[in-house]
Structure formats: C-alpha cells, structure tokens
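Single-structure report; data block below.
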There are 2 protein chains.
Amino acid sequence: MATSQSSFLNGVPELLVLRLLRDREMYGYEIVQAIREASDEAIGFAEGVIYPLLHSLERDGALTTRRQTVNGRSRVYYRVTPVGAGRLAVLAEQWHDLHRTIAGILAEPRHA
Amino acid sequence: MATSQSSFLNGVPELLVLRLLRDREMYGYEIVQAIREASDEAIGFAEGVIYPLLHSLERDGALTTRRQTVNGRSRVYYRVTPVGAGRLAVLAEQWHDLHRTIAGILAEPRHA
DNA sequence: TTCGATACCTATTTCACCTAGGTATGATGC
DNA sequence: GCATCATACCTAGGTGAAATAGGTATCGAA
C-alpha cells in the first residue's frame, strides 16, 4: 500500500553492532556484553542474535574479520568497512526519522 | 539470557492506534489514513495490520466498539477503555525508555 | 459501467528475533 | 582429580508481529 515492506522497526541489533564497531574492532562475545552494559541491562541480545548478524554483515561486505587466539581461546575480531559505515549512517538516519515521527504523533494534541 | 524475550520493538502499531484513539473515537479505515497522514506518509500500516490489531485490542478489553452506518457504509467506531489507557501509558513509557537507551549508545564516544 | 474511494474482513507468508541447544578452553573451588 | 563457571565460538528450529495479498460490498464520478 504505502510506505512499508521492510519493517522499519527491525535492524536495531544491526544498528547497535555497527555503532559499537565504529569506535574500535571487537569480537562477538565482547559485543554481546557491551550492548548489555551500554544499555544498562535494558537490552540483552543473546549470542544467537549477534553471531548470525555478524556473519551476514560480513557476507554483505559491511565487516571484515581477523582471527586471534588469546589465552588459548579463539576470538574473531570484526571491523567496519566503508560499506558498513554507510549502512550505519542509513540505519541511524532511519532510526532518527522514525523516532521523530512517532514522537510527533505521541505529542500532538492537534490532528484534525 | 538477559532482558529480552518479547521483542521490545513490536507494538508500535498498537502504540499509535491507542494514541490516536485517546483523543477521540475513530473507525478502522479512518485510523489507517490518520496514521499515514500524521506521519507525513512515513508510516503506512495497511488495513491487514490495523484491523486484526483492533480486534485483539477489543478482545483484551482495551477498546469498545460502536457500529454506525454513514452514507450506506457501515463503520465500526473504537473507543479507548481505562484498560486501553493503561496499556497506552505502558507502551509509551517503554518506547521512551528504548529511545533513551539507544540514543545514549549512538551518541556516546566513550564506553571503555 | 467501469473505476476509484470508502469500509469492512481474514488467510497466508515472511523473516527478524528468540530459544535452546551444541563444542571447546581456561580458571576456580572442593 | 573433577565439577563448575566464565569465556568464546557456533547453528538449528520455533515464534509471532507485521507484511502481503487477497476477498466482499457500497457510493460517486468519469
């Protein structure tokens, strides 16, 4: 009908992951903890959400990986590519637009 | 794992519908148009989203209905109950919390 | 009389996310 | 010596809100 198809609501895990990785490279397990801490326990995406997401972002060329073993444990570090940076910009913009729109509707006492 | 389960993102159609109905009673088709116009075409929930939602909100006691025929066409007007008002308050609060959390993560240059 | 707008409806599909497992290593405690 | 927890990776399968895609019927305009 009008503007819809790809639900504008989705992509928040993706948005947060890209945002965190924009500052510095991180590994999956670290990202899971970071989101939880950064959101003050409010948001807790499980590994089952983050790992598949990282894989698909890598497939899309938004992230590159680097493997490193630390203390006998293998870590996969992710880094944002220019493609990923562009994706982040788009998602952040969409998020802001959505919020502005909804905030407007929630606030307005008018509307004929 | 942590705070998650019922995807915090959902419920936006419900939030908007309840918000619109808080001001005045409206009928389904009218709500579909109102959301589109109020969002300046940015959000366009189809009838297939709104009607089932209205029905489930009525089942939950959040809305009451009144049927009226206008110009040979039957309209079903919906009105918010106290239960629905409470639900609206909860959803609005959740939405604000979520936005605050995400905005914080998007903004912060810090985070150890 | 064909078409679009109005006004209602629901069956089906999709897909993002959630759940719930699995493997393996290192450190801690008993 | 052995259980247990945190670390660190992984994926198969289920769920459910929303998206898609239909359907019925009336009215007005071209």
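Scope of the values below: all heavy atoms of this structure, side chains included, with no hydrogens, waters or symmetry mates. First the proteins, then the strands, lettered A, B, ... as listed; each starts at 1.
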If you measure from the Lys or Arg side-chain nitrogens to the Asp or Glu carboxylate oxygens, is any gap between A:Arg75 and A:Glu30 under 4.0 Å?
-> no
For nucleotides 11-13 of chain D, tabulate all protein N/O to nucleotide N/O atom pairs closer than 3.5 Å, reporting atom names and distance.
| residue | atom | partner | partner atom | Å |
| --- | --- | --- | --- | --- |
| D:dT11 | OP2 | A:His55 | ND1 | 3.2 |

Does a nitrogen or oxygen in the side chain of A:Tyr29 sit under 4.0 Å from OP1 or OP2 of D:dT7?
-> yes
Starting at CG of A:Leu54 and ending at P of D:dC10, how long is that distance when rounded to a whole Å?
-> 8 Å
A:Tyr77 OH - D:dT7 C1' separation (whole Å) = 12 Å
A:Ser74 (side chain) donor-acceptor with A:Thr69 (main chain) under 3.5 angstrom = no
Sidechain-backbone polar pair: A:Thr101 side chain, B:Ser39 backbone, donor-acceptor under 3.5 Å | no
Specify the separation, in whole Å, of atom CD1 of A:Ile43 and atom C1' of C:dC17.
-> 13 Å
Verdict with supporting geometry, B:Ile43 and A:Ile102, side chain to side chain contact (heavy atoms under 4.5 Å, CB included) = CA-CA 9 Å; B:Ile43 300 175; A:Ile102 292 180; 4.3 Å; yes
Which is true for B:Val70 with a 4.0 Å heavy-atom rule: it touches a base, it touches only sugar-phosphate, or it touches nothing?
-> nothing
Would you kindly give the CZ-to-P distance between A:Arg36 and D:dT7, to the nearest whole Å?
-> 10 Å
Rounded interatomic separation in angstrom, taking CZ from B:Arg67 and P from C:dC9 | 6 Å
B:Tyr27 side-chain N/O to C:dC8 phosphate OP1/OP2 under 4.0 Å | no
List the steps and the verdict of side chain to side chain contact (heavy atoms under 4.5 Å, CB included) for B:Leu63 and B:Leu18.
-> CA-CA 9 Å; B:Leu63 301 176; B:Leu18 287 171; 4.0 Å; yes
Interatomic distance, A:Glu30 CD vs D:dT7 C1' [rounded to whole Å] | 12 Å
Taking atom P of C:dC17 as reference, at what distance in whole Å does atom CG of A:Leu15 sit?
-> 11 Å
Does any N or O in the side chain of B:His99 come within less than 3.5 Å of the main-chain N or O of B:Trp95, such that one atom is a donor and the other an acceptor?
-> no
Select base, sugar-phosphate, or nothing to describe what A:Arg75 touches, counting heavy atoms under 4.0 Å on all strands.
-> sugar-phosphate
For DNA chain D, whose closest nucleotide is more 5', that of A:Ser74 or that of B:Arg73?
-> A:Ser74
So which one's nearest nucleotide on DNA chain C is more toward 5', A:Asn71 or B:Gln33?
-> B:Gln33
Is the side chain of A:Arg66 donor-acceptor paired with the backbone N or O of A:Tyr77 at a distance under 3.5 Å, no angle test?
-> no
Take atom CG of A:Leu53 and atom P of D:dC9, then tell me their distance rounded to the nearest Å.
-> 14 Å
